[in-house]
Amino acid sequence: MRRRLTTLGFLSPLLLGFLLFFVYPLCATVLYSFEHYDQINPPQWVGLQNWVYVFTQNGDFWPAVRNTVWLVVVMVSLRVIFGIGVGLLVTRVRRGRGLYRTIFYLPYLAPPVAATLVFVYVLNPNGPVDRLLRAVGLPAPSWFNDPNWSKPALVLLSLWGIGDLMVIFMAALLQVPVEQYEAAQLDGAGAIRRFRHITLPNIQPIILFSSVTGVIAALQYYTQAFVAGQVASGVVTGGGTVVEPGYPGGSTLTLPQLIYSLGFQHFDTGAASAIAVVLFVVAMACTFVLVRGSGGLVSTRR
């Protein structure tokens with residue numbers, strides 16, 4: 001008993017933090033999703049009214065779901081593919097390897113707000129990218145001012161800051177046994193077959209890790225989409241100003257933005273909590289599907 005109490009004493013800071021900052025907020029969010037609460041008056045039990053409002057009456061919920069799903073599928077897939085490609089490039093280059101690592105990693109260190117501001121300036125209708133496209137005779141999209149191009153522009157922003165995945169995949173690629181490449185080369189295997197049968201099986205656990213963390217991050221995507229929409233719209237915010245997110249035309253509206261808008265701009269904590277519960281369940285379901293569908297990729301067996 002003394003040993004158990006000692007162990008519990010050492011674990012108590014972590015357990016208290018977990019209960020206080022995760023379990024309690026999660027339970028409170030589930031409870032608020034069944035109550036009407038404006039953060040001023042006491043909560044009132046309303047049953048399923050918040051859920052009915054979110055799914056059937058709120059016109060922004062399903063567009064936000066579509067935008068979030070689009071970002072999860074497209075952004076996460078391209079980031080993983082691009083991360084593998086950059087990792088291969090950096091590990092295979094013979095000269096200037098340290099310089100290339102620095103060049104690809106530095107954008108990741110840029111603060112999200114500052115990086116988004118730079119991208120909005122570079123991709124504005126009269127910016128350097130559009131001028132270059134017009135100079136070579138290509139159509140110049142409006143990027144963050146066009147509903148059809150706003151999400152691809154956000155994907156370009158995420159690919160620009162690919163340094164985190166580059167480091168992870170670079171470390172995984174450097175751990176692939178060289179003997180396997182040499183044996184495959186002696187057997188006449190080309191570069192594509194070596195990549196398919198040697199590189200991919202060895203880095204599959206890292207692909208799974210990157211996919212799971214990428215899906216969770218995409219479901220929580222907020223800062224870049226919000227800042228890009230606000231800056232591109234040209235609306236100056238100030239004290240007491242309520243600006244609806246999602247510019248242009250709701251194309252950059254994500255579920256976290258909708259939660260913030262309902263909960264902190266319109267003081268509808270019940271509806272915001274219902275969407276937060278939906279987001280939590282979706283994140284857990286996606287993680288479960290990816291891990292269960294991995295086929296044991298996280299094992300050490302080769």
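If you take OG1 on Thr269 and CG on Asp38, they are separated by 7.0 Å, rounding to the nearest 0.5 Å. Within the model, atoms CD of Gln257 and CG of Asp60 stand 10.5 Å from one another, a figure rounded to the nearest 0.5 Å. Atom CD of residue Gln180 and atom CD of residue Glu182 lie 10.5 Å apart, to the nearest 0.5 angstrom. Here the CG atom belonging to Asn41 is positioned 9.0 Å from the OH atom belonging to Tyr37, to the nearest 0.5 angstrom. Between Cys27 atom SG and Leu19 atom CG the span is 9.5 Å, to the nearest 0.5 Å. For the atom pair CG of Asn148 and OG of Ser142, the computed distance is 10.0 Å after rounding to the nearest 0.5 Å.
Shortest non-hydrogen contact noted between Val72 and Ala218 is CG2-CB, 3.7 Å. When all heavy atoms of Ala225 and Thr252 are compared, the pair lying nearest together is CB-O, 3.6 Å. Across every non-hydrogen atom of Ala140 and Leu133, the tightest pair is CA-CD1, 4.3 Å. Minimum interatomic distance between Leu262 and Ala271 (heavy atoms only, all atoms of both residues): CD1-CB, 4.1 Å. Closest non-hydrogen pair, Val76 versus Val215, comes out as CG2-N, 3.8 Å. When all heavy atoms are compared, the tightest approach of Thr223 to Pro112 is CG2-CB, 4.1 Å.
Val46 and Val30 fall into different hydrophobic clusters, where Ile, Leu, Val, Met, Phe, Trp and Tyr residues are linked whenever their side-chain heavy atoms come under 4.5 Å apart, directly or through other members. Leu255 and Val69 fall within the same hydrophobic cluster, defined by Ile, Leu, Val, Met, Phe, Trp and Tyr side-chain heavy atoms under 4.5 Å apart, directly or through other members. Residues Phe18 and Leu15 are members of separate hydrophobic clusters, defined by side-chain heavy-atom contacts under 4.5 angstrom among Ile, Leu, Val, Met, Phe, Trp and Tyr. Under the 4.5 Å side-chain heavy-atom criterion for ILVMFWY residues, a single connected hydrophobic cluster contains both Val118 and Phe144. Cluster annotation: Phe22 and Tyr32 are assigned to distinct hydrophobic clusters (Ile/Leu/Val/Met/Phe/Trp/Tyr, side-chain heavy-atom contacts under 4.5 Å, transitive).
At distances below 3.5 Å, at least one donor-acceptor pair connects side-chain atoms of Ser12 with backbone N or O atoms of Gly9. A distance-only check finds a donor-acceptor pair linking the side chain of Asn50 to the backbone of Ser33 [under 3.5 Å].
There is a side-chain donor-acceptor pair under 3.5 Å between Asn145 and Tyr247. Residues Thr116 and Gln224 bring no donor and acceptor atom of their side chains to less than 3.5 Å of each other. Inspection of the Thr29 and Ser273 side chains reveals no N or O donor paired with an N or O acceptor under 3.5 Å.
Within a 6.0 Å radius of CH2 in Trp51, more than 12 heavy atoms belonging to other residues, nucleotides or ligands are found. In this structure, Tyr24 places its OH atom where only 12 or fewer heavy-atom neighbours from other residues, nucleotides or ligands lie under 6.0 Å away. A 6.0 Å sphere centred on OH of Tyr108 holds no more than 12 heavy atoms belonging to other residues, nucleotides or ligands.
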Self-check item: From CA spacing to verdict: side-chain contact (heavy atoms from CB on, under 4.5 Å), Trp45, Leu31
Solution: CA-CA 9 Å; Trp45 182 266; Leu31 179 61; 4.1 Å; yes

>> As a quick check of understanding, evaluate side-chain contact (heavy atoms from CB on, under 4.5 Å) for Trp143 and Val129, giving each step before the final call.
In response: CA-CA 10 Å; Trp143 301 106; Val129 173; 4.3 Å; yes

Output, in order, the C-alpha distance, side-chain angles, deciding distance and verdict of side-chain contact (heavy atoms from CB on, under 4.5 Å) for Thr254 and Leu219.
CA-CA 8 Å; Thr254 59; Leu219 289 173; over 6 Å; no

ask   = Would Ile216 and Thr213 satisfy side-chain contact (heavy atoms from CB on, under 4.5 Å), going step by step from the backbone distance to the final call?
value = CA-CA 5 Å; Ile216 295 174; Thr213 55; 5.8 Å; no

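Under the 4.5 angstrom side-chain criterion for Ile, Leu, Val, Met, Phe, Trp and Tyr, the cluster partners of Leu20 are Phe21.
A side chain to side chain donor-acceptor pair (under 3.5 Å) check over residues 61-77, counting only residues at least two apart or in different chains, returns the pairs Asn67-Lys151. Applying the side chain to side chain donor-acceptor pair (under 3.5 Å) definition to pairs two or more places apart or across chains, none involves residues 95-106.
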Please list, one pair per line, the donor and acceptor atoms closer than 3.5 Å that link side chains of residues 81-92 to other protein atoms, with sequence neighbours excluded.
| from | atom 1 | to | atom 2 | distance (Å) |
| --- | --- | --- | --- | --- |
| Thr91 | OG1 | Gly87 | O | 2.9 |
| Thr91 | OG1 | Leu88 | O | 3.0 |

Identify all side-chain donor-acceptor contacts of residues 183-199 below 3.5 Å with residues at least two apart in sequence or on another chain.
| from | atom 1 | to | atom 2 | distance (Å) |
| --- | --- | --- | --- | --- |
| Arg194 | NH1 | Ala189 | O | 2.8 |
| Thr199 | OG1 | Tyr181 | OH | 2.6 |

Using residues 152-178 as the side-chain source, report each donor-acceptor pair under 3.5 Å to any protein atom, sequence neighbours left out, with the distance given to one decimal.
| from | atom 1 | to | atom 2 | distance (Å) |
| --- | --- | --- | --- | --- |
| Ser158 | OG | Val155 | O | 2.6 |
| Asp164 | OD1 | Arg79 | NH2 | 3.1 |
| Asp164 | OD2 | Arg79 | NH2 | 3.1 |

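Using a 4.5 Å cut-off on side-chain heavy atoms (C-beta onward), Ile207 and Leu200 make contact. Between Ser261 and His266, some side-chain heavy-atom pair lies under the 4.5 Å cut-off. In this structure, the side chains of Asp146 and Pro248 stay at 4.5 Å or more apart for every pair of heavy atoms. Counting only heavy atoms from C-beta outward, the side chains of Phe280 and Met284 approach each other to under 4.5 Å. Taking 4.5 Å as the limit, some side-chain heavy atom of Leu109 sits within range of a side-chain heavy atom of Leu106.
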